[in-house]
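In what follows, a single structure is set out as structure tokens and then discussed.
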There are 2 protein chains.
Amino acid sequence: MSPLTGAGNDRPATLADVAALSGVATSTVSRALSNPGRVNVLTRERIERAARELNYVPNSQARALTSGRTRAIAVLVSDVTNPFYFGIIRGTQHQLKAAGYTQLLVDTEESDELEDGTLHKLRRSFDGAILAASRLTDRRLTALAKEIPLVAVNRQTRGVPSVFIDTPSAIEQAVGHLVSLGHRRIAYAAGPATSWPNEGRWRALVRAAEHYGVEAVRLGPFAPRQYAGAAAADAVLHSRVTACIAFNDLLAIGMLPRFRERGVRIPNDLSIVGCDDIFGADFCNPPLTTLTAPIEQAGRTAVAMLLSRLDGGPAPMARQAVTLPTHLTVRDSTGPAPRTAPTAPTTNGVPTA
Amino acid sequence: MSPLTGAGNDRPATLADVAALSGVATSTVSRALSNPGRVNVLTRERIERAARELNYVPNSQARALTSGRTRAIAVLVSDVTNPFYFGIIRGTQHQLKAAGYTQLLVDTEESDELEDGTLHKLRRSFDGAILAASRLTDRRLTALAKEIPLVAVNRQTRGVPSVFIDTPSAIEQAVGHLVSLGHRRIAYAAGPATSWPNEGRWRALVRAAEHYGVEAVRLGPFAPRQYAGAAAADAVLHSRVTACIAFNDLLAIGMLPRFRERGVRIPNDLSIVGCDDIFGADFCNPPLTTLTAPIEQAGRTAVAMLLSRLDGGPAPMARQAVTLPTHLTVRDSTGPAPRTAPTAPTTNGVPTA
DNA sequence: ATGAAAGCGCTAACAA
DNA sequence: TTGTTAGCGCTTTCAT
């Protein structure tokens, strides 16, 4: 018989059972189990023994009904398919479990309505939410933050606690790196218009380009998916640049085979920089130079902020906006600029798309 | 004002509010909303209108307390870090949402105790569970399946409904493929001893090797992680084989850079076959020949089985054990056998580890 | 077809 | 420090 199984009982033990066995009132048991300090040491021990004997497990639904707290946190991602979120999920999962919370994972499928709707439908099923990539408007998000304890990742909006992964700063480093390799014209393969970090990355590129006196050209938008890489690669080849910074690694990784098909060698003919440093960025071919984001840490930090807020009242010590540093990781997809920008060969054995 | 926000009310509407507004008893509202058939059409419409007006959202905790059903399904994975589970999670998430269920994601960290413990602690928080890679013993699992509606993935145990990804059959194909390329001695880089599919894969290799009259050698066990690839690669180089089938793609991908370091070319000097076809298997270097598993489908199927069980009583139409076919996907990590097996060079400029 | 009433298991005043 | 007593919001008999 497993120690975790009831002692052959039919129905799981309740507070009342524990109370009966230990000869106290249910309220005392409740206190002993949640506010151990506010109960006599001896009775508490007796109660704990009884609870163990009956293999008592609190019913979290019932607990939630009265206390209003579920000890569950909703984590909303815009696409479970995207490996970027796995870092986030890993971080949140770790931190939540440590704090005894359960994680409700929700995929909002890039839809703001689904995001808003789910948040409301599940409202009483969680104590707080982490929006890993909110597609909501600023207004809506601000309003929501007043109703629901939440922390947004990569989304800075007034009044909304957030964890910001500072990719823009790293973009400046990336541009410096490219400039030092002789690149003078750099493309940005943009992500979806609904993505908040997308604009910041482009602006950072523009700023850095101005600073270094080089050109920046914007391409896209492209879906933040591997399959969008082909279109992005073609666009790059038509833009007469010698280097490209992609909205994210997924897109960058998707571009690689397309360049190979078209006879464009990376990094000899063209340099590529990704963003995030997701799973796979280190072993794709060639390994990707990218802006390494502390993804997992972002998840952990978001949870820490949220929980401290839940425990410590509306606005505790915790800062309301945390910025996580990001750095350039140089691998093999960037190299010295070629004399001329590569173009799509029209007579290369490979037909142009 | 968002249609999803209450009309400026302070506290969310309850059944009683809806009842009051529509002039009926709470029980009638309850029926109208759950058993639409058992209520007068007119009153039902009135109730629905009232509910909409008050922006009523049922409190799932309260509902769970009486009905015993939470409309949540727990999905247990042994390691959220492993991309294999991405596919499972994607599949379950999709199917669960379609059915109006919430997904509770739990990482059991390869620990059977944590698995068992979590299952019990959360017992009243979900209606059923999907064990994506149970580390429990057969006895324990069987016992558990009697208490809790569950479906196991890649784990066949009597009395436990399961979805089995038939990688063993594909291993036979893989061996055939390797034999046709001239390989006569094939290694198996084993996964963890606690992994159920691990043994089946090895047995399939032994069987196929016998059938083709070639040798099979077993190496390991290795952690099913990228970092274990270095050790696995070294073991392969000491085993005098010309081909290796790895427990999973993660391990295979981890082996690749190690071979490169040691001057062993894939597939010229050595052929590698992975299992699962996870994210990354197609773009690593070289792209991996692997046994493509319908991972996402496995997740979807598991959910379908579980839900049909929950709705349709203890043992409905649904088969209790489903096998999903797997096939060999040949990419660039397998090729003709070299004349002699590669070994670890001791004087190659690269020091041996 | 509808209503009244009794809980589900727990927490949180309030008393003692 | 402990017990008594109301509920939390909902479902579900049992009546009507």
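When reading the values below, keep in mind they use all heavy atoms of this one structure, side chains included, and skip hydrogens, waters and symmetry mates. Chain naming here is simple, since letters A, B, ... match the order of the sequence lines and numbering starts at 1 in each.
When the P atom of D:dG9 is taken as reference, atom CG of B:L15 falls 10 Å away, rounded to whole Å. When rounded to the nearest whole Å, the span between CZ of B:R44 and P of C:dT2 equals 11 Å. In this structure, B:I47 atom CD1 and D:dT11 atom P are separated by 12 Å, rounded to whole Å. When rounded to the nearest whole Å, the span between CG of B:L65 and C1' of C:dC8 equals 4 Å. Spacing between atom CD of A:Q61 and atom C1' of C:dT11 amounts to 15 Å, rounded to whole angstrom units. Atom CG of B:D17 is separated from atom C1' of D:dG9 by 10 Å (rounded to the nearest Å). When the P atom of C:dG9 is taken as reference, atom CZ of B:R63 falls 18 Å away, rounded to whole Å. In this structure, B:N35 atom CG and C:dT2 atom P are separated by 13 Å, rounded to whole Å.
Within the 4.5 Å cutoff, the side chain of A:P294 has heavy atoms near those of the A:I165 side chain.
OP1 and OP2 of D:dC8 both lie 4.0 Å or more from every side-chain N or O belonging to A:S67. The phosphate of D:dG9 (OP1 or OP2) has no side-chain N or O of B:T66 nearer than 4.0 angstrom.
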Side chain to side chain donor-acceptor pair (under 3.5 Å) between B:T70 and B:Y101: does it pass, once the steps are laid out? CA-CA 9 Å; B:T70 59; B:Y101 276 75; over 6 Å; no
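A residue-by-residue look at B:T26 and A:R38 shows that A:R38 has its nearest nucleotide of DNA chain D further toward the 5' end.
Under the 4.0 Å criterion applied to side-chain N and carboxylate O atoms, B:R123 and B:E147 are not assigned as salt-bridge partners. Under the 4.0 Å criterion applied to side-chain N and carboxylate O atoms, B:D17 and B:R11 are assigned as salt-bridge partners. Salt-bridge check for B:R49 with B:E53: failed, with every basic side-chain N at 4.0 Å or more from each acidic carboxylate O. Salt-bridge formation is detected for the pair B:R140/B:D116: a Lys NZ or Arg NE/NH1/NH2 atom is positioned less than 4.0 Å from an Asp or Glu carboxylate oxygen.
Among all heavy-atom pairs drawn from A:S195 and A:R135, the shortest one is CA-NH1, 3.5 Å.
Near DNA chain D, meaning a heavy atom under 4.0 Å away, the residues from residues 27-34 of chain A are A:S27, A:T28, A:R31.
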